[in-house]
Amino acid sequence: MEEFMNIQMVDLKRQYHNYKTEFDAAVAGVLESCQFINGPDVKLLAEEMQEFLQVKYAIPCASGTDALQVALMALDIKPGEEVITTPFTFVATAETIALLGAKPVYVDIDSKTYNIDPSLIEAAITSKTRAIIPVHLYGQSADMDPIMKIAAKHGIAVIEDAAQAVGSRYKGKPVCSIGDLSCISFFPSKNLGAYGDAGMVATNNQALAEKVGMIANHGSRVRYKHEILGVNSRLDTLQAAILRVKLKYLEEWNRKRREAAQFYNAGFSGTKIRTPFVADFAEHIYHQYTIQVDNRDSLQKLLNEKGIPNAIHYPIPLHLQPAFHNGSLNFPVAEQISARVISLPMHPDLTHEEQDYIISAIRKFLGE
Ligand SMILES: *Cc1c(COP(=O)(O)O)cnc(C)c1O
């Protein structure tokens with residue numbers, strides 16, 4: 001039975017084949033036009049994303065990491081200044097802060113949602129703090145209201161890292177419509193994924209939108225006139241064309257992810273497994289379905305033996321990464337959670353048969 005299952009963590013092949021004619025036509029259209037940079041699809045995608053996210057401006061760029069860097073540059077974050085974020089995220093969130101010479105200042109996470117704990121933020125603010133970057137981890141929004149309130153009180157900016165949460169909501173509002181700036185990744189395995197690297201910055205602030213657009217294009221508005229320092233971070237027309245096909249189905253796919261999550265939850269009920277907690281303010285889109293278990297490493301070994309894909313997001317919190325010299329800092333919740341979490345296969349085309357196979361393997365392992 002196992003050989004025929006062929007379960008994928010994210011099944012990009014199944015998705016491609018389900019919509020092959022549309023993807024092929026989108027790619028052929030770009031090839032025919034030969035407008036590989038800034039072709040019509042780039043502008044159309046920006047407009048469609050503005051509507052989807054309910055924001056005034058969406059500026060495409062080359063990756064989620066670039067989106068974070070360009071957003072920080074648009075805020076003029078300078079060397080020596082501080083940006084508050086979570087230690088329990090993908091490295092790009094803090095890497096971009098550090099690359100600009102600024103200092104990532106970590107605040108521990110909430111043990112239920114795994115997102116930055118707003119009650120700990122104010123104690124981390126100093127005269128050098130310029131921004132807060134909450135991450136909507138695994139597809140669930142951080143608790144934005146208290147974060148926005150603290151930021152307003154101290155006159156600092158909020159950048160939402162929504163790389164894992166396109167289509168997710170906070171108190172009914174789409175993520176990316178709340179902070180001063182928001183960053184999206186269209187990395188292929190993200191819930192809205194391109195066929196290569198791609199990203200986007202969203203904002204409701206016209207001045208910031210103009211600056212982001214300039215920075216992503218060599219600090220230039222008019223060709224060969226460079227007003228500020230920028231980078232080359234444009235979105236390929238091919239990627240925009242692919243993303244426009246996928247965006248039409250994103251709500252449906254996010255709904256299917258929620259259904260798959262509920263199926264897992266039901267399958268694990270009555271066991272010691274801690275299934276994902278959903279805060280009352282959040283509409284989770286399950287970019288990842290991540291459980292907590294006591295004996296994570298032996299469970300991972302079993303899953304690997306059974307050919308069940310899995311991943312650990314993330315095994316080492318950022319304050320313990322060698323790339324960041326953070327010495328004696330400790331964030332007990334992030335450290336504890338990083339030793340207990342494991343993500344299971346999650347994508348819109350997961351079948352009940354595949355989920356039953358995964359659930360029963362895990363239940364058997366637990367002796368349930
Ligand atoms: C994926 C991801 C990024 C980086 O996006 P890329 O497109 O891979 O550069 C940043 N932050 C978080 C939380 C992510 O998951």
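Both counts, for ligands and for their atoms, begin at 1 and track the order of listing. Please read these numbers as outputs of a predicted model, since none were measured by experiment. Throughout, numbering of the chain's residues begins at 1 and tracks the sequence. Side chains included, hydrogens not; waters and symmetry mates left out as well; all remaining heavy atoms used.
The pair E81-K128 does not count as a salt bridge, with every side-chain nitrogen at least 4.0 angstrom from each carboxylate oxygen. One finds a salt bridge joining R340 and D294 here, because a Lys/Arg side-chain nitrogen approaches an Asp/Glu carboxylate oxygen to under 4.0 Å. Here E354 pairs with R14 in a salt bridge; the nearest charged N to carboxylate O distance falls below 4.0 Å. A salt bridge links D76 with K211: the distance from a Lys NZ or Arg NE/NH1/NH2 to an Asp or Glu carboxylate oxygen falls below 4.0 Å.
The shortest distance between side-chain heavy atoms of Y114 and Q292 falls below 4.5 Å.
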Output, or 'none' if empty, a list of ligand 1-protein atom pairs in which both atoms are N or O and the distance is under 3.5 Å, rounded to 0.1 Å.
| residue | atom | partner | partner atom | Å |
| --- | --- | --- | --- | --- |
| ligand 1 | 5 (O) | S185 | OG | 3.2 |
| ligand 1 | 7 (O) | G64 | N | 2.8 |
| ligand 1 | 7 (O) | S185 | OG | 2.6 |
| ligand 1 | 9 (O) | G64 | N | 3.4 |
| ligand 1 | 9 (O) | T65 | N | 2.8 |
| ligand 1 | 9 (O) | T65 | OG1 | 2.5 |
| ligand 1 | 11 (N) | D161 | OD1 | 3.3 |
| ligand 1 | 11 (N) | D161 | OD2 | 2.8 |
| ligand 1 | 15 (O) | Q164 | NE2 | 2.8 |
| ligand 1 | 15 (O) | K190 | NZ | 3.0 |

What side-chain donor-acceptor pairs closer than 3.5 Å can you find for residues 38-47, not counting sequence neighbours?
| residue | atom | partner | partner atom | Å |
| --- | --- | --- | --- | --- |
| D41 | OD1 | R244 | NH1 | 2.7 |
| K43 | NZ | E47 | OE2 | 3.3 |

